[in-house]
Amino acid sequence: MTACFTPEHLPRPFDPAAAAMAREGFAERGAAERDFVASPPGRALLDALGGHSPYLAELAIRESATLLLLAEVGPDEAMARALDPLGRIDPATPRAAVATLLRQAKRQGALTAAVADIAGLWPLDRVTGALSDLAEASIDAACAHLLRDAAARGEINLPGAGRTDPRLVGRNSGLVVLGMGKLGGRELNYSSDVDLMV
């Protein structure tokens, strides 16, 4: 596994005990995770995540496969893979499964952007742009699902009902969703809410 970051570019842990807990929790996930923790870049990254943010430490442990992938292929590819399922949701997917996919994409995308940010792999505008891409893809996927569901029940006539790309399902449907504020400016940060006009 090739790490795309180096220990000297990562901040030292603010809370060494929390950093150690993050390393231990990550290592418990499996052999690949143990190998990652044993490497200097892996240890430094988990120290930075765990020693500064309980949320990011939890994400790293829960989404360990995403963190391993990111270390192997870099943040651009990892982010693309996090967003990919949102563009391929089958129209017949039940709402609960769509919600699960949306939450998973949020976890994976937030972890990828945070690691790229902390490790200095992306400049600030790329970080905020990636978080904005995540929000837009999530909104597109959710709206496409809701429009298809309403069309299937006969509540609306949806010209794009057969399209699979969530960005195209709503075309000519009459639904317009505008991102305001930080989303509209492509400046979302980790704690931004999404201001929409529908």
Side-chain angles (χ1 to χ4, degrees), residues 3-6 8-15 18 22 44-63 65-67 69-71 73-89 98-147 165-171 173-198:
C4 62
F5 43 82
T6 54
E8 56 271 8
H9 290 110
L10 294 165
R12 295 196 184 280
F14 175 76
D15 183 346
L45 179 59
L46 287 163
D47 282 353
L49 296 175
H52 291 277
S53 171
Y55 173 71
L56 290 177
E58 180 183 316
L59 273 184
I61 293 166
R62 183 169 184 180
E63 295 295 334
T66 297
L67 190 59
L69 175 72
L70 193 156
V73 302
D76 292 320
E77 179 64 20
M79 182 60 82
R81 291 190 194 183
L83 297 181
D84 181 62
L86 297 180
R88 294 185 297 106
I89 296 174
V98 171
T100 297
L101 285 171
L102 290 168
R103 287 190 297 272
Q104 178 181 320
K106 177 185 183 260
R107 290 190 309 268
Q108 293 174 353
L111 178 61
T112 299
V115 169
D117 187 10
I118 290 168
L121 301 173
W122 283 349
L124 180 60
D125 63 335
R126 177 67 179 109
V127 173
T128 59
L131 293 170
S132 299
D133 289 343
L134 173 60
E136 289 173 5
S138 298
I139 293 164
D140 286 344
C143 288
H145 174 75
L146 293 171
L147 286 168
D165 186 338
R167 295 167 299 175
L168 301 177
V169 171
R171 188 167 285 168
S173 69
L175 175 67
V176 176
V177 180
L178 295 175
M180 307 298 288
K182 290 185 177 183
L183 177 58
R186 297 191 47 75
E187 298 173 342
L188 285 184
N189 61 50
Y190 302 105
S191 61
S192 294
D193 57 359
V194 182
D195 297 317
L196 301 175
M197 288 184 65
V198 181

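For reference, positions follow the sequence shown, starting with 1. Atoms considered below: every heavy atom in the structure, side chains included; atoms not considered: hydrogens, waters and symmetry mates.
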### Query
Can you tell me how far CG of Leu67 sits from CZ of Arg62, rounded to the nearest 0.5 angstrom?
15.0 Å

### Task
Could you list all the salt bridge (Lys or Arg N to Asp or Glu O under 4.0 Å) pairs where at least one residue sits in residues 112-121, not counting sequence neighbours?
none

#### Entry: For Arg126, all residues meeting salt bridge (Lys or Arg N to Asp or Glu O under 4.0 Å), sequence neighbours excluded
Asp76

### Query
For the residue pair Leu59 and Ala110, what are the closest heavy atoms and their distance?
CD1-CB, 4.2 Å

### Message
Working to the nearest 0.5 angstrom, can you tell me the gap between Arg107 CZ and Leu102 CG?
### Response
11.0 Å

### Task
Drop me the distance from Met79's CE to Thr66's OG1, to the nearest 0.5 angstrom.
10.5 Å

#### Entry: Taking every non-hydrogen atom, the tightest pair across Ala114 and Tyr190
CA-OH, 3.3 Å

#### Entry: Side-chain H-bond candidate by donor/acceptor type, Ser192 with Asn189, under 3.5 Å
yes

### Task
Kindly write out the residues that satisfy salt bridge (Lys or Arg N to Asp or Glu O under 4.0 Å) with Asp84, not counting sequence neighbours, or none if the list is empty.
Arg88

### Query
Are more than 12 heavy atoms from other residues, nucleotides or ligands located less than 6.0 Å from atom CD of Glu58?
no

### Partners meeting salt bridge (Lys or Arg N to Asp or Glu O under 4.0 Å) with Asp133 (sequence neighbours left out)
Arg186

### Task
Starting at CG of Leu10, measure out to NE2 of His52 and round the result to the nearest 0.5 Å.
9.0 Å

### Candidates Leu86, Leu134, Leu183 - the one meeting side-chain contact (heavy atoms from CB on, under 4.5 Å) with Ile139
Leu183

### Query
Listed by chain and number, what are the side chain to side chain donor-acceptor pair (under 3.5 Å) partners of Arg81, not counting sequence neighbours?
Glu77

### Query
Has the side chain of Ser132 got a donor or acceptor atom that lies under 3.5 Å from a matching backbone atom of Thr128?
yes

### Contacts of Glu187 that satisfy salt bridge (Lys or Arg N to Asp or Glu O under 4.0 Å) - sequence neighbours left out
none

